[in-house]
Enquirer: 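The structure's right below; bear with me while I get my questions together.
We use all heavy atoms of the structure for the numbers below, so side chains are in, but hydrogens, waters and symmetry mates are not.
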Amino acid sequence: MTLLHLDHADTLQLPVTGDGPFDILHTLWKPSHYATGLEAHTPGTSWRTFRVGDLTTGVRLRYEDRTVIADIHTNGDYKPHHREHLKKRLNASYGLAEDTAAFTVLAEQVPAMREPLAAFAGMRQSCPEDHFEIAVIALLLQNTTISRTTTMTRNLLTHHGQLVHFDGITLRAWFSPAELAKVSADTLKERDRLGYRAKTLAEFPAFFIQHRSEDLRHENLVEVFQEIKGVGPYTAAVMNSHASRDPSAFGLDVWNRKILARRLFDAPDADATAITRRMNDLFPGHAGTAALYFVEHEYLNAPVAPLLDPDSIGAWNSALENTAA
């Protein structure tokens, strides 16, 4: 895999316009998120790659005076429409215009939310992936462990994605639907070790070439995603909860179900229907945000992918570059 070097092309200043506090660290970095190599986070700076059509970009994110500053790097022909796309994408990805005040009012009345709210006040959902990328991740999270998902993600991105270097950091970058369309289901199964998921993933390119993120924004995503062969209601619900940024929507896998059962019922597990009903009773219209706070607080003291020590960036770069060699 060739290492692409990206040059600085632009700087965007994105004001946080949503009401309520804003927690930049936990908006960009989530303790529960597994390592993909697509992003890296230190306590004061985050880096992330984005595919914008055929263009690969690397973005450095920092925060000053209630403004997110995004330094854009690319090796392609960066044009005004790329700039506008990235502005919209970054605003949507990190909820910069979303209000947190209504959720905070509800959360302050629930004793079980006291500690998560104190730790994360102003945290937004982070979903920098587009609809295609969300779908891939949701499929890889299906009925498995974080370790297995991490391995499958690494295989896909190493074999079919890109490796880029900018602003002193090396990261992976996504493949596009058109690029994935060139990969056979057998390759996905055997080389990338996806198992039964290979057949489903092989159906993704045709769907997402026909259905761009812009075209899906006003669709019933749970129904539309199930048009993909192999995608059922659970995976479609997980995809929808991230893609729609609906504060009331959340997916319940076995791990999140147990976390919420402990928080809501002080029990090791509970029926999904009972959990959903209780969440909606306590946090009407904001159950998805509440679930996010509960889950992230569970991982706060033992994050799946800890923050990167700035002095360890060289080792991080070497690890990624050696993996791709």
Enquirer: Looking at R124 and V16, what are the two nearest heavy atoms and their distance?
Expert: NH2-CG1, 4.2 Å
Enquirer: Quick one: do M152 and I146 end up in the same hydrophobic cluster if we chain Ile, Leu, Val, Met, Phe, Trp and Tyr together by side-chain heavy atoms under 4.5 Å apart?
Expert: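 Same cluster: M152 reaches I146 through Ile, Leu, Val, Met, Phe, Trp or Tyr contacts under 4.5 Å.
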Enquirer: Could you tell me if the side chain of Y78 sits less than 4.5 Å from the side chain of L86, heavy atoms only?
Expert: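 When only atoms from C-beta onward are counted, Y78 and L86 do touch, with a gap below 4.5 Å.
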Enquirer: Will you find, in the side chains of Y196 and Q142, an N or O donor that is under 3.5 Å from an N or O acceptor?
Expert: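 Distance-only check passes for Y196 and Q142.
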Enquirer: Does a donor on one side chain and an acceptor on the other come within less than 3.5 Å for T170 and E321?
Expert: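 Checked: T170/E321 side chains pair up, N/O donor to acceptor below 3.5 Å.
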Enquirer: Would you call T151 and R193 a side-chain contact if the rule is heavy atoms closer than 4.5 Å?
Expert: no
Enquirer: Nearest 0.5 Å, what's the OG1-CG distance between T27 and L96?
Expert: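 If I round to the nearest 0.5 Å, the distance is 8.0 Å.
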Enquirer: Side-chain heavy atoms nearer than 4.5 Å, only ILVMFWY residues, links allowed to pass through others: does that put W47 and Y94 together?
Expert: no
Enquirer: With sequence neighbours left out, write down each residue that passes side chain to side chain donor-acceptor pair (under 3.5 Å) with T153, or none if nothing qualifies.
Expert: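 Y34.
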Enquirer: Are side-chain heavy atoms of T104 and E108 found at a separation under 4.5 Å?
Expert: yes
Enquirer: Would you give the length of the straight line joining atom CZ of F175 to atom OG1 of T56, rounded to the nearest 0.5 angstrom?
Expert: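 Between F175 CZ and T56 OG1, I get 12.5 Å after rounding to 0.5 Å.
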Enquirer: Give, for atom OG1 of T17 and atom CD of E98, the distance between the pair rounded to the nearest 0.5 Å.
Expert: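 Result: 9.5 Å between the selected atoms.
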Enquirer: Tell me whether T42 contacts the main-chain N or O of D309 through its side chain, where contact means a donor paired with an acceptor under 3.5 Å.
Expert: no
Enquirer: Side chains of T187 and S184: donor-acceptor distance under 3.5 Å anywhere?
Expert: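 Yes.
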Enquirer: Is there a side-chain contact between D71 and F166, using heavy atoms and a 4.5 Å cut-off?
Expert: no
Enquirer: Output the distance between atom CZ (R83) and atom OG1 (T57), rounded to the nearest 0.5 Å.
Expert: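 The OG1 atom of T57 is 13.5 Å from CZ of R83, to the nearest 0.5 Å.
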Enquirer: With a 4.5 Å heavy-atom cut-off, do R257 and D269 have their side chains touching?
Expert: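 The answer is yes, as the side chains (C-beta and beyond) meet within the 4.5 Å cut-off.
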Enquirer: May I ask whether L14 and I24 are part of the same hydrophobic cluster, defined by side-chain heavy atoms of I, L, V, M, F, W, Y residues being less than 4.5 angstrom apart, directly or through others?
Expert: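 Yes, it is one cluster - the side chains of L14 and I24 are joined through contacts under 4.5 Å.
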Enquirer: So, does D271 use its side chain to make a donor-acceptor pair with the main chain of T273 at under 3.5 Å?
Expert: yes
Enquirer: With distance as the sole criterion, is a donor-acceptor pair present between the side chains of H297 and R263 under 3.5 Å?
Expert: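 Distance-only check passes for H297 and R263.
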Enquirer: Are R172 and E133 ion-paired here, with the side-chain N under 4.0 Å from a carboxylate O?
Expert: no
Enquirer: Between F207 and F132, does a ring-ring contact (aromatic ring centres under 6.0 Å, His included) hold up when you go through it step by step?
Expert: CA-CA 9 Å; F207 177 87; F132 166 67; over 10 Å; no
Enquirer: If only side-chain N and O atoms count, and only distance matters, is there a donor-acceptor pair under 3.5 Å linking S248 with D246?
Expert: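 The criterion, which ignores hydrogens and geometry beyond distance, is satisfied for S248 and D246.
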Enquirer: Can you tell me if CG on D281 sees more than 12 non-hydrogen neighbours from other groups inside 6.0 Å?
Expert: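 Yes - once you tally the heavy atoms of other residues, nucleotides and ligands closer than 6.0 Å, there are more than 12.
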Enquirer: Take atom CZ in R278; do more than 12 heavy atoms of anything else shown fall under 6.0 Å from it?
Expert: no
Enquirer: Within the supplied structure, the quantity of interest is the number of heavy atoms (other residues, nucleotides, ligands) at a distance under 6.0 Å from E115 CD; does it exceed 12?
Expert: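 Not more than 12 within 6.0 Å, no.
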Enquirer: Let me see the working for H33 and S126 under side-chain contact (heavy atoms from CB on, under 4.5 Å), right down to the final yes or no.
Expert: CA-CA 10 Å; H33 287 191; S126 55; 3.7 Å; yes
Enquirer: Once side chain to side chain donor-acceptor pair (under 3.5 Å) is applied, do any residues pair with T276, and if so which ones, sequence neighbours excluded?
Expert: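 With neighbours one apart ignored, the set is empty.
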Enquirer: Are the side chain of Y293 and the backbone N or O of M123 linked by a donor-acceptor pair below 3.5 Å?
Expert: yes
Enquirer: When you look at E298 and R262, which way does the salt bridge (Lys or Arg N to Asp or Glu O under 4.0 Å) test go after all the steps?
Expert: CA-CA 10 Å; E298 188 79 10; R262 289 195 296 270; 2.6 Å; yes
Enquirer: Looking at NZ of K199 and CG of L194, how far apart are the two atoms once the value is rounded to the nearest 0.5 Å?
Expert: 13.5 Å
Enquirer: Take F50 and E129 through the side-chain contact (heavy atoms from CB on, under 4.5 Å) test and state the conclusion after the steps.
Expert: CA-CA 8 Å; F50 293 86; E129 296 81 16; over 6 Å; no
Enquirer: Does L188 belong to the same Ile/Leu/Val/Met/Phe/Trp/Tyr cluster as L139, with side-chain heavy atoms less than 4.5 Å apart forming each link?
Expert: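 Yes: a chain of side-chain contacts under 4.5 Å links L188 to L139.
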Enquirer: Roughly how far apart are E84 CD and R89 CZ, rounded to 0.5 Å?
Expert: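 E84 CD to R89 CZ: 15.0 Å, rounded to 0.5 Å.
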Enquirer: Would you please classify the geometry between the H26 ring and the F120 ring as parallel, tilted or perpendicular, with 30° and 60° separating the classes?
Expert: perpendicular
Enquirer: Return yes if some donor-acceptor pair links the side-chain N/O of D99 with the main-chain N/O of A101 below 3.5 Å, else return no.
Expert: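 No; judged by distance alone, with no hydrogens or angles, the pair does not exist.
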Enquirer: Would you call the rings of H131 and F225 parallel, tilted or perpendicular, taking 30° and 60° as the class edges?
Expert: tilted
Enquirer: Report yes if some heavy atom in the side chain of Q125 is under 4.5 Å from a heavy atom in the side chain of T289; otherwise report no.
Expert: no
Enquirer: Judged by atom type as modelled, is there a donor-acceptor pair below 3.5 Å linking the side chain of Q226 to the main-chain atoms of V222?
Expert: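 Yes, because the side chain of Q226 sits within donor-acceptor range (under 3.5 Å) of the backbone of V222.
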Enquirer: Under a 3.5 Å distance rule, please check whether N75 uses its side chain to pair with a backbone N or O of D7 as donor and acceptor.
Expert: no
Enquirer: Any side-chain to backbone donor/acceptor pair from S32 onto E296? Under 3.5 Å, distance only.
Expert: no
Enquirer: Please evaluate residues F294 and L264 with respect to the criterion side-chain contact (heavy atoms from CB on, under 4.5 Å), reporting the C-alpha separation (whole Å), side-chain torsions for both, the decisive distance (0.1 Å), and the verdict.
Expert: CA-CA 10 Å; F294 280 137; L264 298 173; 4.2 Å; yes
Enquirer: Measure up the H8 and H73 rings against each other and bin them: parallel (under 30°), tilted (30 to 60°), perpendicular (over 60°).
Expert: perpendicular
Enquirer: Verify the cluster assignment for L300 and L25: are they in a single hydrophobic cluster under the rule of side-chain heavy atoms below 4.5 Å apart?
Expert: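 No, L300 does not connect to L25 through the hydrophobic network.
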Enquirer: Test side chain to side chain donor-acceptor pair (under 3.5 Å) on D10 and H82 and set out the steps.
Expert: CA-CA 10 Å; D10 196 6; H82 295 127; over 6 Å; no
Enquirer: Is there a side-chain contact between H41 and L308 in this structure, where contact means two heavy atoms from C-beta onward sitting under 4.5 Å apart?
Expert: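 No; the side chains remain at least 4.5 Å from each other.
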Enquirer: Step by step, would you call L282 with L106 a side-chain contact (heavy atoms from CB on, under 4.5 Å)?
Expert: CA-CA 7 Å; L282 291 173; L106 293 171; over 6 Å; no
